[in-house]
Every structure is written in C-alpha cells, then in structure tokens.
Amino acid sequence: MSADLFSEVKQAVSAAAAGRLRSWGAGELAEKIELERPAQRQHGDLSLNLALAAAGRAGRPPRELAAELVADLEADERLSTYCRRLEIAGPGFINLFLDDAALGAAALAALAAGDDFGRGEPPAPLSILLEFVSANPTGPLHVGHARYAAYGDSLARILTFAGHRVDTEFYINDYGTQMDLFARSLAVAYARRLGKELPLPEDGYRGDYLDRIAATIVGEKGEALLDDLTGGDGQQALSFLRRRGCELMLAEIEATLGRFRVHFDRWFSESSLYRDQALETLLAALRRSGDVTDRDGATWMLTSRHGDDKDRVLIRSSGEPTYFASDIAYHRQKLDRGYDRLINIWGADHHGYVARMKAAFAALDEDPDKLEIIIGQLVNVIERGERKQMSKRAGTMVMLDELIDAIGVDAARFFLVERSHDSALDLDLEKARMRSEENPVYYVHYAHARICSILRKAAGSETEAVEAAPPGSLEPEERQLVLQLLSFPGAVAAAAASREPHRLTTYMRSLAADFHVFYHNCPVLRAGGETAAFRLSLCTLTRDVIARSLSLVGVKAPERM
RNA sequence: GCGCCCGUAGCUCAGCUGGAUAGAGCGUUUGACUACGAAUCAAAAGGUCACAGGUUCGAAUCCUGUCGGGCGCGCCA
C-alpha cells in the first residue's frame with residue numbers, strides 16, 4: 001500500500017480508462033486525471049469528471065459515457081482494492097467511495113514513510129535560483145520586506161520539498177546614487193557624533209540606525225575621517241563610509257533575517273559586476289546582436305523589438321550606466337551559472353519592469369520563460385483605522401524587528417504568508433499586538449501540542465507496544481482525518497506548482513480542525529486494544545504532518561504551549 | 001489615457017486553476033469540562049461572489065465592458 005493513495009488511485013484510473021478515452025478521441029484526458037475531493041460527503045471520497053470532459057469530443061451524453069467508464073473501472077483489479085463502490089451522479093460525475101481498510105493502510109504507510117511522506121519526486125526536477133528581498137543596504141528591513149522574506153523563504157522550502165534544487169539569493173544594490181546618498185547621510189551622523197555639523201544632503205537618509213552605524217565607525221576609526229569631510233573634498237572618507245557602512249548595514253539586515261529564520265545561500269554584490277567588467281562584456285555582446293543603438297548621446301537597448309513598450313537606456317549621456325544595465329548583467333551572470341529557472345520576487349511597484357527584463361532575455365537569445373517574475377502586492381500600515389502607505393516621511397514605517405518584537409516570529413510569518421501574495425495586505429500593528437493570541441498559528445500549534453501531550457501519556461504504555469493495523473471500518477471523524485492526511489502530498493504539489501505557500505497554511509488549518517473533531521469524538525488511549533494502537537498512529541502521523549507543514553512556512557511546532 | 005493586481009458574510013480572508021447546496025477565523029447568540037490539554041468542540045445567525053453581458057452540460061473561477069480601490073508608466077533605484 002502506497003502512502004500516496006490518491007496518486008495511486010489516479011494512476012489506476014488512468015490506466016483503466018485510457019483505452020476508452022482514446023476511442024472517444026479524448027486520449028489526452030488520461031494524462032491528466034483530475035481527482036477532486038467533493039465538498040459533500042454524499043458525493044463520495046473522490047470524484048472524476050472524465051465523462052463530462054469527454055462529452056464534447058465524443059458527442060454523446062455524459063452519463064452514458066460515465067456508465068462505460070464505470071464498467072472499465074469496476075473491472076480493474078488494482079482499483080477495486082482501494083475502491084469499495086463507484087456511482088454515477090449529477091450531470092455525469094463518477095464518485096468513488098474508498099475502502100476503509102485501504103485508507104487505514106495508506107495512513108500507516110504514510111507514517112512508515114516518515115520524512116518522505118509528501119515529498120515530491122518530479123520526473124524532471126528543476127534547478128532553480130530564487131532571488132528575493134534584495135533590499136537596498138541603505139536602511140533596515142521593514143514589514144514590506146518581511147512579506148517577501150516570509151513568502152520567498154517559504155517558497156524555497158516548499159519547492160525543495162517538492163523535489164526541486166533551489167538556491168536562494170539576495171542581490172545587494174551596493175552601487176550607484178543611492179549608496180552615495182547613504183554614505184553622505186552617514187557622514188553627517190558620523191560628524192555629529194564628533195560634535196561637527198555637516199549639511200544633510202537633499203533627500204538624505206535619516207534615522208536611529210544611521211547613528212548606530214556611525215557610532216560603530218567612530219569606535220573603529222575615531223576622528224580619522226573628520227578632516228577629510230570638513231576640510232578636504234571628502235572623497236576618501238565617503239568612499240570608506242560607503243563600503244564600511246554597507247557592510248554594517250548588511251550585517252544588520254542579515255541578523256534581522258536570521259531572527260526571522262530566513263537564510264540566503266548567496267549574497268550577490270552589484271559592485272562585483274563592475275569589478276568583473278560584466279557590463280562591458282554585456283554591451284559588446286548586445287552590440288554584436290544589434291540590440292543596442294546610440295541615440296541622443298545615450299546608449300539604448302531596443303527592448304521594444306521584444307515586446308516592451310519602448311526602448312530603454314543602458315548608458316546615460318553622462319556615461320553612467322542605468323540600474324537596468326547592471327540588472328541585465330546580473331541576470332546574464334545568473335544564466336551563466338546554469339540554472340533551469342530564475343525566479344525573482346518583486347514588489348508590485350516594480351511590475352512595470354517585467355516586460356523590459358523579459359525583452360532583455362530575448363535579446364540575449366535566452367528563453368524568456370526561464371525568467372519567472374512573481375509580483376507580490378504591497379503591505380499597507382493601518383493607523384487609527386486608516387490605511388496608509390508606508391513612508392519614512394509620514395512616520396508610518398513599521399520595521400521587521402518591531403513586528404517580531406510585537407508578536408513573535410511564528411505569528412508574524414504565519415500572518416504574512418497566510419494571504420495570497422496577489423492581494424494587498426493591511427497590517428495594524430496595534431491590533432496585531434493586542435490580539436496576537438488570536439493568530440491562527442496558535443490553533444495549529446494547539447493541535448500539535450495536544451497530540452504531543454497524548455503521545456507523552458502513551459509513552460511506555462501497553463497501547464504503545466501494540467503494532468497498529470488498519471481496522472476494517474473507520475468512524476466518520478477518523479475517516480475524515482485520514483482523508484485530510486492523505487491530501488498532504490497533493491497540497492504540497494499544488495503549493496509548489498502555483499507558487500502559493502498560503503495553500504499550506506489553509507491546509508494545516510483544515511488538518512488541525514479535523515484533528516480536533518476527531519479528538520472530541522474518538523477516544524485514543526481510552527479506546528484500548530487495537531483501536532487505540534491505530535488511533536495513536538493517526539495521532540503521530542497528524543503530529544508529523546502538522547510539524548512538516550509548519551516547517552515548510554518556517555514556523556516552529558512546539559510540544560507544549 | 002495605457003498596463004498589472006484586487007473586489008466573496010459586519011471585519012480579515014480561503015475557495016483545490018471550470019464542478020454538484022460558496023467555506024473558515026474574528027465578532028454576535030446559545031450549549032458542552034469530576035474528561036487523552038476548553039488556546040477546543042457543537043449549534044444558530046449572517047451572501048445579488050462589485051455590476052452587466054458572453055463562452056458551455058456547468059462560472060466566484062475564463063473572455064469583454066462598466067464601476068470602485070491599490071501599484072506602475074524617467075537618461076530614478
């Protein structure tokens with residue numbers, strides 16, 4: 001008995017129905033059998049819409065087709081070991097009623113599979129480079145970054161568990177005007193700390209973190225930079241501040257991400273592209289392919305030839321390269337590392353750049369589909385019931401560290417990843433702080449802790465010594481729990497394929513709910529004998545699946561709470 | 001003006017890529033602990049799935065349009 005019963009059933013159906021489907025000219029339906037969990041119990045455990053899907057092609061009424069399919073399925077030996085009964089319902093659905101013993105056996109097989117239950121084995125695993133957060137190293141992370149951090153890190157975990165090879169990467173924008181501005185702002189904080197006032201640059205950065213970093217630099221260098229900043233042209237001092245400030249800022253960012261349980265395999269520096277002359281190489285290649293032209297004193301890339309709205313500047317008339325230019329060089333570099341797929345997670349404020357980046361791939365003679373850009377919607381901050389965009393100026397910034405301090409990593413990650421990344425998210429920090437105990441993560445935690453408590457109680461008991469065997473029949477609540485547990489591999493696969501970690505939070509809430517119902521209706525230890533042994537196994541499997549699900553979104557599974 | 005995203009219960013959101021009578025949590029009302037953890041469970045109430053067309057056996061889901069909200073549309077990053 002396989003742990004992944006639903007896949008097993010799917011394969012059996014495919015094999016048994018293939019011939020019939022082909023005779024209707026709908027053979028391809030056998031390749032992608034859709035097994036659904038009907039919303040209503042009376043519709044069975046699984047349902048097939050094959051007859052409905054084939055009706056158009058066959059030119060015959062669906063129920064008539066369903067009758068022929070049912071005959072094929074009933075004749076199939078493998079299927080009849082899982083399936084107690086088949087029925088045709090409604091417009092032409094084929095409903096499957098699974099055998100209780102088979103369900104129980106599958107649950108025990110899932111338990112035996114241990115860490116491998118739900119793990120994907122795609123026929124062709126992808127090697128994926130997943131880039132996310134990539135915040136400018138000019139300030140600390142805020143809750144907007146936190147959303148992408150939670151989303152991206154969860155996605156990396158899920159894709160890995162689904163069987164792909166995933167590297168995660170943080171791109172450091174440590175080159176260009178923003179870094180210059182950062183260095184000059186840092187110089188102001190540095191000088192002030194030593195009793196000298198320098199003019200704050202227009203649109204300069206401000207904030208406690210600059211004082212913090214300035215203090216560190218004063219500790220390291222004393223007043224050594226002061227003369228250059230006040231007397232000289234300041235170039236040497238600014239250069240140092242840019243480099244060292246960036247290092248210190250990145251260290252803070254990395255520490256915050258570490259607290260948030262987000263780890264990157266690689267930190268890639270934009271500056272390194274300039275050191276390696278990646279832009280020159282890139283430009284030469286683009287000139288050869290004819291995708292670049294000089295116009296109005298600037299160097300343009302002809303992205304409009306590849307589906308972009310208009311052409312884009314690579315080198316300004318000032319001679320400075322644009323951000324776009326180094327971004328192309330960066331992606332060229334990523335491609336050269338040999339990944340099958342490059343996934344970028346960008347904020348909604350960057351969606352306008354998708355077309356030009358895809359165009360760049362086409363110009364580089366690379367398949368644009370290798371580049372997968374996921375747009376995450378923004379986070380709004382709610383203050384006194386009003387929705388506000390986060391802004392330093394308006395003082396509505398909420399930092400990731402603040403969020404963690406307020407509600408903890410588990411509640412924060414669950415909250416951020418629970419919603420579809422496609423919808424804007426409102427965060428009311430005060431409300432989150434006051435009502436953090438209502439976070440759904442604790443509902444899932446409670447189920448986990450409750451099971452752990454039962455297992456502690458069972459430790460060393462007679463029940464624990466009995467080897468579990470699938471019972472001949474299951475109580476309705478037991479049955480529901482088993483069906484939910486067996487849905488786990490499908491939930492993982494769906495979350496991975498659709499890049500939607502929130503499907504797993506939805507899944508584990510349902511699983512926790514089904515467990516609580518089971519708990520209230522089906523005594524475990526008190527049942528005694530073989531029933532107790534089997535139910536104890538269900539408890540263990542539920543605990544494992546909850547813990548695994550939580551770990552896939554970077555949340556802990558406490559044994560007590 | 002153009003492009004992308006969103007609009008589902010009083011509030012916050014799911015809805016398995018087109019399935020059967022649209023679901024949770026919070027809030028409201030009511031019931032269940034001498035019990036393997038009541039941070040739980042059971043029940044009630046709450047809906048024009050923004051609106052109007054279209055596609056088909058079947059639409060919250062797909063296509064078109066309208067309305068409303070968010071985000072973009074630079075030789076900024």
Side-chain angles (χ1 to χ4, degrees), chain A residues 34-40 42-43 47 49 51-53 55-56 61-63 89-93 95 136 138 173 175-179 181 270 295-300 309-310 312-318 320-324 326-327 347-355 375-378 380 387 389 415 418-426 428 431 435 437-440 442-443 445-447 449-458 487 490-491 494-495 497-498 500 502-503 505-507 509-510 512-513 515-517 519-527 532 535-536 539 560-561:
Chain A
E34 289 179 36
L35 268 185
E36 307 218 345
R37 291 279 314 282
Q40 292 173 67
Q42 68 198 45
H43 294 143
S47 93
N49 64 354
L52 291 159
R63 287 190 67 108
F93 291 105
N95 295 332
N136 283 345
T138 54
N173 296 124
Y175 185 91
T177 52
Q178 292 306 311
M179 279 317 289
L181 203 53
E270 182 183 8
R295 190 192 303 160
D296 305 329
T299 303
W300 297 71
D309 298 341
K310 46 184 152 179
R312 308 290 172 178
V313 171
L314 293 177
I315 309 292
R316 290 182 271 243
S317 48
S318 69
E320 282 289 302
T322 60
Y323 178 82
F324 181 47
S326 61
D327 218 19
D349 50 342
H350 285 71
H351 80 258
Y353 296 79
V354 174
I375 298 299
Q377 297 301 314
L378 303 175
N380 301 305
R387 175 180 299 144
Q389 206 184 67
F415 174 82
E418 194 185 15
R419 276 91 169 175
S420 162
H421 66 269
D422 249 345
S423 297
L425 184 149
D426 292 338
D428 187 329
K431 212 184 248 181
R435 315 203 322 198
E437 70 277 5
E438 286 171 14
N439 190 302
Y442 299 119
Y443 182 77
H445 275 172
Y446 185 62
R450 196 177 226 181
I451 295 169
C452 290
S453 169
I454 296 173
L455 295 177
R456 278 194 298 273
K457 197 143 289 185
S487 302
S498 61
E500 291 177 337
H502 78 271
R503 290 197 190 206
T505 56
T506 304
Y507 170 77
R509 287 173 70 162
S510 304
F515 176 77
H516 287 308
V517 175
Y519 172 86
H520 276 271
N521 292 282
C522 304
V524 179
L525 300 175
R526 291 200 318 265
R535 288 179 180 170
L536 200 56
C539 286
R560 299 173 203 268
M561 49 192 293

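Below, each value reflects all heavy atoms present in this structure, side chains not excepted, and no hydrogens, waters or symmetry copies. Chain letters run A, B, ... following the sequence lines, proteins first, then strands; residues in each count from 1.
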Would you mind pulling out the nucleotide paired to [N], Watson-Crick or G-U wobble, both distances under 3.5 Å?
N      : answer
G18(B) : none
C71(B) : G3(B)
A59(B) : none
A42(B) : U30(B)
U64(B) : A52(B)

Under 4.0 Å, heavy atoms only, any strand: does [X] hit a base, just the sugar-phosphate, or nothing?
X         : result
Glu270(A) : nothing
Ala497(A) : nothing
Thr177(A) : sugar-phosphate
Pro62(A)  : nothing
Val517(A) : sugar-phosphate
His350(A) : base
Cys452(A) : nothing
Ser420(A) : sugar-phosphate
Glu437(A) : nothing
Asn439(A) : nothing
Pro440(A) : nothing
Ala348(A) : sugar-phosphate

What is the distance from [atom1] of [X] to [atom2] of [N], rounded to the nearest Å?
X         : N      : atom1 : atom2 : answer
Glu36(A)  : G58(B) : CD    : P     : 17 Å
Asp296(A) : G74(B) : CG    : C1'   : 14 Å
His445(A) : A39(B) : NE2   : C1'   : 12 Å
Tyr519(A) : A42(B) : OH    : P     : 14 Å
Leu378(A) : G70(B) : CG    : C1'   : 8 Å
Asp327(A) : C76(B) : CG    : C1'   : 14 Å
Phe415(A) : U12(B) : CZ    : C1'   : 8 Å
Arg509(A) : A14(B) : CZ    : P     : 10 Å

Give me the distance, rounded to whole Å, that separates [N] from [M] when you measure between the [atom1] atoms they each carry.
N      : M      : atom1 : value
U61(B) : U56(B) : C1'   : 14 Å
A52(B) : C76(B) : C1'   : 42 Å
A50(B) : G7(B)  : P     : 7 Å
G70(B) : A9(B)  : C1'   : 23 Å
A22(B) : C33(B) : P     : 34 Å
C71(B) : G31(B) : P     : 47 Å
A24(B) : C63(B) : P     : 29 Å
A45(B) : C13(B) : P     : 26 Å

Straight-line distance of Leu455(A) CG to Leu536(A) CG, nearest 0.5 Å: 5.5 Å

Spacing of Leu35(A) atom CG and Asn49(A) atom CG [to the nearest 0.5 Å]: 9.5 Å

Most 5' of Gly352(A) and Tyr442(A) on RNA chain B, judged by nearest nucleotide: Tyr442(A)

Contact nearer the 5' end of RNA chain B, comparing Asn521(A) with Leu52(A): Leu52(A)

Selected nucleotide, minimal atom distance to [X] side chain, candidates [options]:
X         : options                : value
Tyr446(A) : A38(B), A14(B), C71(B) : A38(B)
Asn95(A)  : A20(B), G3(B), U17(B)  : A20(B)
Arg450(A) : U12(B), U40(B), C36(B) : U40(B)
Gln377(A) : G70(B), G19(B), G15(B) : G70(B)
Asp422(A) : C5(B), C71(B), U21(B)  : C5(B)
Met561(A) : A39(B), A14(B), U40(B) : A39(B)
Phe93(A)  : C73(B), A20(B), A38(B) : A20(B)

Please tell me if [X] has a side-chain N or O lying less than 4.0 Å from either OP1 or OP2 of [N].
X         : N      : answer
Tyr443(A) : C41(B) : yes
Ser453(A) : G37(B) : yes
Lys310(A) : C73(B) : no
His502(A) : G15(B) : yes

In U17(B), glycosidic geometry as syn within 90° of 0 or anti otherwise: syn

Within 6.0 Å of CZ in Arg560(A), more than 12 heavy atoms from elsewhere: no

Side chain proximity check, Thr322(A) to Arg316(A), heavy atoms < 4.5 angstrom: yes

Backbone N/O of Val517(A) and side chain of Asn521(A): donor-acceptor pair under 3.5 Å: yes

Arg63(A) side chain to Gly90(A) backbone, donor-acceptor under 3.5 Å: yes

Residues Thr138(A) and Gln178(A): side-chain donor-acceptor under 3.5 angstrom: no

Got a donor-acceptor pair under 3.5 Å from the side chain of [X] to the base of [N]?
X         : N      : value
Asn49(A)  : G19(B) : yes
Ser317(A) : C75(B) : yes
Ser47(A)  : A20(B) : yes

Axial cation check for Phe515(A) ring with Arg450(A), 6.0 Å and 45° limits: no

Centroid under 5.5 Å and tilt under 30°, His520(A) to A42(B): no

Considering all heavy atoms, the nearest His502(A)-Glu418(A) contact: CB-O, 3.1 Å

Trace of the side-chain contact (heavy atoms from CB on, under 4.5 Å) decision for Arg456(A) with Cys452(A): CA-CA 6 Å; Arg456(A) 278 194 298 273; Cys452(A) 290; 3.9 Å; yes

